[in-house]
Asker: 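The structure that follows is given in the form of structure tokens.
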Amino acid sequence: MTQAIEHLPSKLAHTAHGPRAFGWWGMVWLIATEATLFAMLIASYFYLRFRSQPEWPPSSIEAPELTLPLIMSVILLSSSIPVHFAEAAIKKGSVTGLRIGLALGSLLGAIFLGLTWGIEWPEALHHFTPRTNSYGTMYFTITGFHGAHVLGGLVFSVWTQVRAWKGAFGADRHLTVQNFTMYWHFVDVVWVAVMATIYLSPHL
Amino acid sequence: MATSLVAEQLHAIWHERPGLAGWASTVDHKRIGKRYLHTGMLFLVLGGLESMLIRAQLADAQLEILDPETYNQIFTMHGITMMFLFAMPVLSGFGNYFVPLMIGARDMAFPRLNAFGYWVFLASGIFMYSSFLIGQAPNAGWFNYPPLADRDFAPGLNIDYYTLGLIFMGISTTGGAINFIVTILKMRAPGMTLNRIPIFVWGELAMSFQIVFALPALTLANVMLELERRFGFHFFGEAGGGDPLLWQHLFWIFGHPEVYIIALPAFGIVSAILPTWSRRRIVGYTWIVVAELSTALIGFGVWVHHMFATGLPQITLSFISLASFMVAIPSGVQVFAWLATLVAGRPVLRTPMLYVLGFIATFVIGGVTGVMFAAIPLDQQLHDSMFVVAHLHYVLVGGALFPIFGALYHWLPKMTGRMLSERLGKISFWLTFIGFNLSMFPLHILGLLGQPRRTYTYQEGLGWEPYNLISTIGTFILAAGLLTTFYNWYMSLRRGEPAGNDPWRGETLEWATTSPPPHHNFDHIPTVRSREPAWDQPDLADGAQPIEQGGHPLTEGHITLSTSVLDARPQAVVHMPHSTPWPLYLTIAMTILFTGMLVSSILIVALGGVTTTGALFGWFWPRRETQET
Ligand code: HEM
């Protein structure tokens, strides 16, 4: 079989995004391994719950209040929307849309984090600490792991925004934006699992 | 000759700085692969010395070469060293060196991450070994069960070295696995469709999938244990509603796949050596690949079989027992495919082949004793006896050490450009093989007689002495065998015959370039049209497939190709990062961080945190020449 002689460097694109880029696949597998980590954490929660006591939460700790967590959920999940539009914008070449979307997304993320660490945690600490029992341990470990991921996402967002302001991205150059978006959506999806485990399941 | 001009151009683009700066900043997968190999071999020597100490102590009843506490530290470090610091890194090292060559790529997908992975592996190894300096090496066995590993029973730093060291090391392993996956999915030379991927590469891919999904369990378990030990969290301690069995579950969700994480690439080595030395294509390519992938999958279903003795519900046990029997099937499929290749081919009994045959024999014995354990009553009888030690060494030494040494004899000529002595190779093999069987077979009998593992001595008059003495003698013969290979290696570097491109007439792409390969691997990235390209495509000679046949010189820059996952069609030109010292700096910063956590110093932790952040920025700071997006 003889093929036509191809000179690939002049024929192919020199920037890649989506599944053509190595970095995109790197992010996919990073998320896969992180998702496994959260799955194990949540499995551990239920393992300890079903192994230890008949009552959960144990030793007259109240099941968690739902109002604030629900508000937090709305805030965090809605942050995915501007982030999604930011990515859509840069795909069409709109740097302004990118900047606005990312800024809005990170603002919502920051509010979520502020609520977690500023109100939700101090409130919980009135009733129990990680050292009280396995319930307190799991509560703080899981929300802590998730919060750390939101923080990581925020740093990633700021980094992406700085580069967006410096004009690093365009219609055919936005792998970092894509990777950030993927990561941010992931952190949001994990929150749904955290919400269901930590806040809803004790009421069942 | 047009090609030498291309070679010169590519050399100018891909070569790295010489001297210390180049040493600290290299991102060349071949240099990194060799580093993994050399460092891993160094740890084999350390782990081997530890096993000699263990065996010396057990040579006779009531010896006092090691006191009980030292014995605990030594066997724990032996297990950790052999699993995490020898077998895994060496197998990754071969992967690092040969995966890009076998798939016709210029480097790994993430060269800086690759360099970082090596440095972190080195740093975490030194971190764990530094525990000996203060006499507090990990001492609760390689699977480190609480409550023994909890603060009440292990107040020293021993266990903290274990937990922090393995968390640190996990970063390297995870990064490496992701790097392998992306490299194998996205960087195969044009034409290397899925069904033309060399089996060794499949093995590294299966290993990497397992790491991605298994390692988080280990990392998480260690984070939990550290939180419990340092801050009084309640995961494993009964008192606060924790459960020690949670550790066991998490550990074995990782720990059983770990056995395959080591075995699958080792099987890959076997499937790479066999066709070359049997002078025929591997029999049952598809079967072997399916077997590797399904082993990777079933490997996740059997963790509980390490916990048969813990009093779980009967139905769980039966289910897991079934799964454990099932793992035997894909392993069996591979063994039969190898035997068929041997029978149908014209085997040449040189050293690499001897190691492969030694592997098959040993591994089958280990597999048979393994299937015996899948029967629960037997497992409960032999649990924690020397029989288990014998079984796991037949699997691991058979399944990892022999293939690794076979791979040395097969591939060192490619890596160094020099031949090894065949005579020394044969001597080494027979010493290793005989020494190994002498040292491990008697442990089966001792286990049946009741000698427990992890116990520093035994009473006189139980009739155990002769078997133990034989075992100890065997260990020293085995050590002599390994040393012979190291000597052989050293002599070949000094005055080995030049190897030429393809001393064995191998079938995969690495044999189509020079020995050692140039920085850019192939002058022309080839177009692949066969599963055994080096046999079927005469146009590949010297790594410069003529352009008319589909060779791609890519002399326009520091570039390589991104190809599609299924059928390896070129999709984009990728600009690769240049060499950089930031991975090393980041590793140093993280070492500070982990040391701070070890000694509980807020100051050092803060310093480590700040430098780590700084190093991350330094690493990711956009550089024009790589066109980062
Ligand atoms: C070089 C020859 C080797 C010898 C003579 C040897 C000897 C031993 C002995 C006697 C023990 C049992 C100690 C005890 O329970 O009291 C042991 C444990 C162990 N060995 Fe080896 N070993 C060798 C190589 C290896 C290799 C290559 C691996 C893995 C790739 C390995 C992995 C282990 C593990 C995981 C344990 C269990 C440690 C524990 O109980 O926590 N060994 N070895």
Side-chain angles (χ1 to χ4, degrees), chain A residues 1-3 5-17 19-23 25-26 28-30 32-41 43-44 47-48 51-53 58-59 130-138 140-141 145 155 159 163 166 168-170 172-177, chain B residues 109-110 113 174 177-179 181-183 185-187 190 208 211-217 219-221 223-224 227-228 231-235 240-243 245-246 249-250 253 527 529 547-550 552 554 556-557 559 561-562 564-565 570-575 617 620 622 627-629:
Chain A
M1 189 181 77
T2 43
Q3 289 174 329
I5 304 169
E6 292 179 299
H7 186 247
L8 292 175
S10 55
K11 227 186 84 189
L12 296 173
H14 280 239
T15 54
H17 37 80
R20 297 188 162 196
F22 299 163
W25 287 92
V28 167
W29 291 101
L30 178 69
T33 193
E34 291 251 63
T36 315
L37 190 79
F38 277 104
M40 303 279 172
L41 252 179
S44 303
Y47 185 85
L48 289 183
R51 281 237 108 189
S52 41
Q53 293 92 355
S59 45
R131 308 158 88 130
T132 308
N133 52 28
S134 59
Y135 175 80
T137 290
M138 286 319 287
F140 283 103
T141 308
F145 256 78
V155 174
W159 172 252
R163 300 197 48 209
K166 297 182 91 182
F169 305 120
D172 56 351
R173 299 168 62 86
H174 52 258
L175 179 61
T176 307
V177 178
Chain B
F110 307 113
L113 179 63
T174 306
I178 293 176
N179 210 347
I181 295 177
V182 180
T183 304
L185 295 183
K186 290 301 294 173
M187 296 184 82
S208 305
I211 290 175
V212 163
F213 294 113
L215 203 63
T219 304
L220 181 63
V223 171
M224 288 174 164
L227 288 173
E228 176 153 330
F231 304 108
F233 282 41
H234 300 284
F235 295 105
D243 187 340
L245 282 188
L246 177 61
H249 280 292
L250 289 172
I253 285 175
T527 294
R529 301 194 183 83
I547 296 176
E548 307 83 64
Q549 311 289 335
H552 302 291
L554 300 182
E556 287 78 1
I559 53 178
L561 294 177
S562 160
S564 62
V565 173
Q571 288 180 323
V573 170
V574 178
H575 291 252
F617 275 100
F620 286 106
Q627 313 212 349
E628 268 157 304
T629 44

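Below, chains carry the letters A, B, ... as their sequence lines are ordered, and counting in each starts from 1.
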Asker: Check whether B:Phe231 gets within reach of chain A through its side chain, its backbone, both or neither, counting any heavy atom under 4.5 Å.
Answerer: backbone

Asker: So which part of B:Gln571 gets closer than 4.5 Å to some heavy atom of chain A, the side chain, the backbone, both or neither?
Answerer: both

Asker: Check each atom of A:Phe145 against the heavy atoms of chain B and say whether the ones under 4.5 Å are side chain, backbone, both or neither.
Answerer: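 Contact with chain B: side chain only.
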
Asker: Let's test your reading of the structure: which of A:Lys166, A:Arg131, A:Met138 forms the most heavy-atom pairs below 4.5 Å with chain B?
Answerer: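 Most heavy-atom pairs within the cutoff with chain B belong to A:Arg131.
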
Asker: Considering only heavy atoms, which portion of B:Ile181 lies under 4.5 Å from any heavy atom of chain A: side chain, backbone, both, or neither?
Answerer: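 Just its side chain gets close to chain A.
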
Asker: What pair of heavy atoms forms the shortest contact from B:Leu220 to A:Leu41, and how long is it?
Answerer: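 Distance-wise, the nearest heavy atoms are CD2-N, 3.6 Å.
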
Asker: In the structure I gave you, are the side-chain heavy atoms of B:Leu245 and A:Arg51 within less than 4.5 Å of one another anywhere?
Answerer: yes

Asker: Give a yes or no on whether the backbone of A:Leu48 and the side-chain of B:Asp243 come within a donor-acceptor separation of less than 3.5 Å.
Answerer: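 Side chain of B:Asp243 to backbone of A:Leu48, a donor-acceptor pair under 3.5 Å: no, none is there.
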
Asker: So do B:His552 and B:Pro190 actually touch side chain to side chain, heavy atoms under 4.5 Å?
Answerer: yes

Asker: Using modelled atom types and a 3.5 Å cut-off, is there a donor and acceptor pairing between side-chain atoms of B:Thr183 and backbone atoms of B:Ala109?
Answerer: yes

Asker: Could you look at A:Ser10 and say if it's the side chain, the backbone, both or neither that has a heavy atom under 4.5 Å from chain B?
Answerer: neither

Asker: Given a strict heavy-atom distance threshold of 4.5 Å, which part of B:Val212 is in contact with chain A: side chain, backbone, both, or neither?
Answerer: both

Asker: Can you tell me which portion of B:Leu185 sits under 4.5 Å from chain A's heavy atoms? Options are side chain, backbone, both or neither.
Answerer: side chain

Asker: Where does B:Ser562 contact chain A at under 4.5 Å (heavy atoms): side chain, backbone, both or neither?
Answerer: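 For B:Ser562, the contact with chain A is made by backbone and side chain together.
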
Asker: Pick whichever of B:Val565, B:Val574, B:Ile211 has the most heavy-atom pairs under 4.5 Å with chain A.
Answerer: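 The option with the most such pairs is B:Val574.
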
Asker: Is A:Met40 close to B:Leu250 at the side-chain level, that is, under 4.5 Å between some pair of heavy atoms?
Answerer: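 Sidechains of A:Met40 and B:Leu250: in contact.
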
Asker: Can you see which heavy atom on A:Leu175 is nearest to which on A:His17, and at what distance?
Answerer: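 Of all heavy-atom pairs spanning A:Leu175 and A:His17, the closest is CD1-CA, 4.2 Å.
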
